[in-house]
Amino acid sequence: MHQEVREIDLSPLSIKNEERKSLIEDLPCELVWAIFDRTPETISNIRLVSRSMKSLVDDYALNRKCMCLVDNVQFIFDSGHPETMPISINIEKRFKNLFELRLNLRKPPIELIRRLNKEDCGETLEYFLVFNIVNDKNHLMLLRDTIGGGVETVVLNYLSKFIQAKSSFISEFLEDVHFDILQCQFNHFCEDNYKFLLDVVDDVNLRKLSLIVENLTARDPVDALLRLSSLVNSITLFQLSSNCVPDDALFFFGKKGFNWAPTFIEMLKRKCDKLNVQSDYPKFLEKEHADFLKEEMGHGLRDEPKLDNGIKHETRKSQIEDLPCELLWEIFDRTPESIANIRLISRSIKSFADEYLLHGKSIRLLHDVKFDLHAGWKPNQIGITFNIDKRFKDLFKLRFTIRQPSFEIIKRRNRDDYEGKLEYWQQFDAAEDGNQLKILGEMIGGQMGKVTLNVYDTFDQSKSSFAAVLLKEAHFDKLECTFYHLDDNHFAFLLGLIEDRQLKSLHLKVKNVTTRDPVESLLRLSSVAKSISITQLFMDELHENTPHFFGKTDFDWAQTFVEMMKQNCGKLNIASAYLRYLPKEGADILRRKLPMINKKIWFFTPCECYRDEFQYKENGSVIKSYKYNYSNPAEFERFLSVQHLSRAHEKRWK
């Protein structure tokens, strides 16, 4: 299973409208690039700051080559397809956006496939493509520029005999690429393959070489190893089992019955100071040769380097350390996932980052917070669930760890991959844990997407106060509440949460409503929230055919809905277990009055009073009665909707 890499939107429309110039835009180019080097996973967010930042990010993506973007590149040589070269590229997940941005900016005419079956395995992503070595040479350079100048590991799997065209293809690709580790496997290590390997290793300053061979026909295997040991610091040799040689043979690296001890000693006297030898032929080194090797190694092969204690070890101060505190905090606001990395730059930067972690509240760290006030728990018990985006995981942990609270946050692993979110949970005692509220509130931060309140019992002052204090300084756009017993105390608690807020949407689910005046309650809510959804849940004591809604039976809610829509509320969604709550007279009022309100409204309700479906337009709105079938075609519900034409395709509820 695979998919093509999607092109990143590079149009000006992808840039957010801004009211003020960002402080980041005043930084010199080399300093911004240094920030990108430290936190490449953030460039997608920084790119949206402004057009000038987009230009700077794109220039960085096209021209910066000093960082190691790719974990490893693997080339597969197969004689069955002499003109094609499969290439596998593995990158860390945090570099995904930068890698795909580099690719899309260059727009190479090659198909780069991301292997989805590897995407959630560890911390790397695998990309795969197949080159035609005759026709795609120009495209190879585009891929090399996309990868950049640094690769951690290059893997060469030579599963066939030497093919000059493929070897030249690889040599040209690696010409300007710096890599530390080379892993090679040769089924047939001939003289040509040895020269090709020597050409790749020479002038690279390679740190590690892993050489796996099966059949070896190079002219002089001893000289080959000595040459390689002059170029590489660490070498691993592995002799695979060959069909031509029995398992008990004294065989290694193309030679039978050969004493390799002097060769290994000589290799370690050169640049190579670490040699790991493995073989499918365990008897290749005889005891007397092993004893000689042990004795020589015990005497020491080279002079140990002397340390000059008079040398001062200096580290260059990072340019980021010269930035003012408010600019660093703005960088953290825009790229919070980078804080864990930036924090490691120096002690002074760590101090700035920790101060931000302790007091910064401008970022939306949490996707949503849910409070469960359940009668079945112990008295004063309140459960709190935190859902965060995976990219904020490290920041959330740092905020928690740096405060060292007396409580723990439990991670629910079964939810790890739910829509890219992580779920954490804990129970608190509303009476005894009040001293933890400040720590908990600072850890959550000042911004969150949605707050959910599930109140399953009668009013409890300690539980309600616990939630109210925690949310007092927090900003959130959406509120979803479930009340099994909505009385005046609960309603005052709800109103206290949403008054003086710019709430975008309120979703209220209720069973039994006993407020003094349910009509006045809904009108108060509609003066605060722009979008309201009210769900009347089923009550055991009322039959489903009872015309009941929000604490009133046999009541015409039509005029109340009209008055609600005349206030701040522009979208009203009604859902009810009692489908006959709205009489025909009330439905007629809604059809007549709602389109006349001078605003772009959206209204939806169950309505069983019309047996026929209809749809017509009036005063810029679409009025519609229709039925909706569920899984059983014999059962359906009827609905009435009044929607302004500009909102005709808007979903029922978000």
Among residues at least two apart in sequence or on other chains, which ones pass side chain to side chain donor-acceptor pair (under 3.5 Å) with [X]?
X	result
Tyr626	none
Thr546	none
Ser646	His644
Glu92	Arg94

Inter-residue atom distance [X].[atom1] - [Y].[atom2], 0.5 Å rounding:
X	Y	atom1	atom2	value
Lys509	Thr482	NZ	OG1	5.0 Å
Thr452	Phe371	OG1	CZ	9.5 Å
Tyr581	Thr553	OH	OG1	13.5 Å
Asp612	Lys627	CG	NZ	9.5 Å
Leu594	Ile589	CG	CD1	10.0 Å
Ile498	Phe493	CD1	CZ	11.0 Å

Practice task
Check whether the side chains of His485 and Thr514 place a donor and an acceptor atom closer than 3.5 Å, and report yes or no.
Solution key: no
Measure the shortest side-chain to side-chain distance between [X] and [Y] over non-hydrogen atoms and say whether it is less than 4.5 angstrom.
X	Y	value
Phe549	Ile534	yes
Glu618	Arg592	no
Val369	Phe476	no
Leu101	Asp58	yes
Phe483	Val513	no
Ile532	Leu508	no
Glu650	Phe604	no

Ignoring hydrogens and geometry, is there a side-chain-to-backbone donor-acceptor pair from [X] to [Y] under 3.5 Å?
X	Y	result
Glu608	Glu637	no
Arg647	Ile601	no
Lys478	His507	no
Gln615	Lys624	no
Asp477	Lys504	no

Over all atoms of both residues, closest heavy-atom pair of [X] and [Y]:
X	Y	value
Tyr484	Lys511	O-CB, 3.5 Å
Cys607	Leu582	SG-CD2, 4.4 Å
Pro595	Ile623	CG-CD1, 3.8 Å
Leu471	Arg501	O-NH2, 2.6 Å
Ile91	Lys96	CD1-CA, 3.8 Å
His490	Asp487	N-OD1, 2.8 Å

Exercise for the section: Determine which pairs satisfy ring-ring contact (aromatic ring centres under 6.0 Å, His included) with at least one residue from residues 509-543, sequence neighbours left out, and list them in order. Expected result: Phe538-Tyr578
Exercise for the section: For Asn545, look at atom CG and say whether over 12 heavy atoms of other residues, nucleotides or ligands are found less than 6.0 Å away. Expected result: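 Check passes, neighbour count above 12.
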Practice task
Applying side-chain contact (heavy atoms from CB on, under 4.5 Å), name anything that partners Ser55, two or more places apart in sequence or on another chain.
Solution key: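 With neighbours one apart ignored, the set is empty.
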Exercise for the section: Could you pull out all residues at least two apart from Ser465 that satisfy side-chain contact (heavy atoms from CB on, under 4.5 Å)? Expected result: Gln461
Exercise for the section: Output every pair passing salt bridge (Lys or Arg N to Asp or Glu O under 4.0 Å) with a member in residues 522-549, not counting sequence neighbours, ordered by first then second residue. Expected result: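 Passing the test, one end in residues 522-549: Glu499-Arg524.
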Practice task
Go through Val519 and Phe550 one step at a time and tell me if the side chain to side chain contact (heavy atoms under 4.5 Å, CB included) criterion holds.
Solution key: CA-CA 9 Å; Val519 173; Phe550 208 75; over 6 Å; no
Show me the donor-acceptor pairs within less than 3.5 Å that the side chains of residues 558-568 make with the rest of the protein, sequence neighbours left out.
unit_1 : atom_1 : unit_2 : atom_2 : d
Gln559 : OE1    : Lys593 : NZ     : 2.9
Gln559 : NE2    : Glu563 : OE2    : 3.0
Gln567 : NE2    : Leu523 : O      : 3.4
Gln567 : NE2    : Ser526 : OG     : 3.3
Asn568 : ND2    : Val528 : O      : 3.1

Exercise for the section: Step by step, work out the side chain to side chain contact (heavy atoms under 4.5 Å, CB included) result for Ile597 and Phe603. Expected result: CA-CA 12 Å; Ile597 298 176; Phe603 177 81; over 6 Å; no
Exercise for the section: I would like to know whether Leu494 and Leu525 meet side chain to side chain contact (heavy atoms under 4.5 Å, CB included); could you show each step before the answer? Expected result: CA-CA 9 Å; Leu494 172 62; Leu525 294 177; 4.1 Å; yes
Problem - Sequence-distant partners of Tyr610, ring-ring contact (aromatic ring centres under 6.0 Å, His included), two or more places apart - result: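 Testing Tyr610 for ring-ring contact (aromatic ring centres under 6.0 Å, His included), a comparison that skips the adjacent residues, returns Phe614.
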Problem - Residues that Phe555 engages under ring-ring contact (aromatic ring centres under 6.0 Å, His included), provided they are two or more places apart - result: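 Result, ring-ring contact (aromatic ring centres under 6.0 Å, His included) vs Phe555: Trp557.
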Practice task
Evaluate the criterion salt bridge (Lys or Arg N to Asp or Glu O under 4.0 Å) for residue pair Lys370 and Glu480; output intermediate values, then yes/no.
Solution key: CA-CA 9 Å; Lys370 181 171 69 174; Glu480 181 175 312; over 6 Å; no
Practice task
Please identify each residue that fulfils salt bridge (charged side-chain N to carboxylate O under 4.0 Å, His left out) with Lys584, with sequence neighbours left out.
Solution key: Asp588
Practice task
Show your working on side chain to side chain contact (heavy atoms under 4.5 Å, CB included) between Leu495 and Phe491 and close with a plain yes or no.
Solution key: CA-CA 6 Å; Leu495 208 59; Phe491 184 75; 4.0 Å; yes
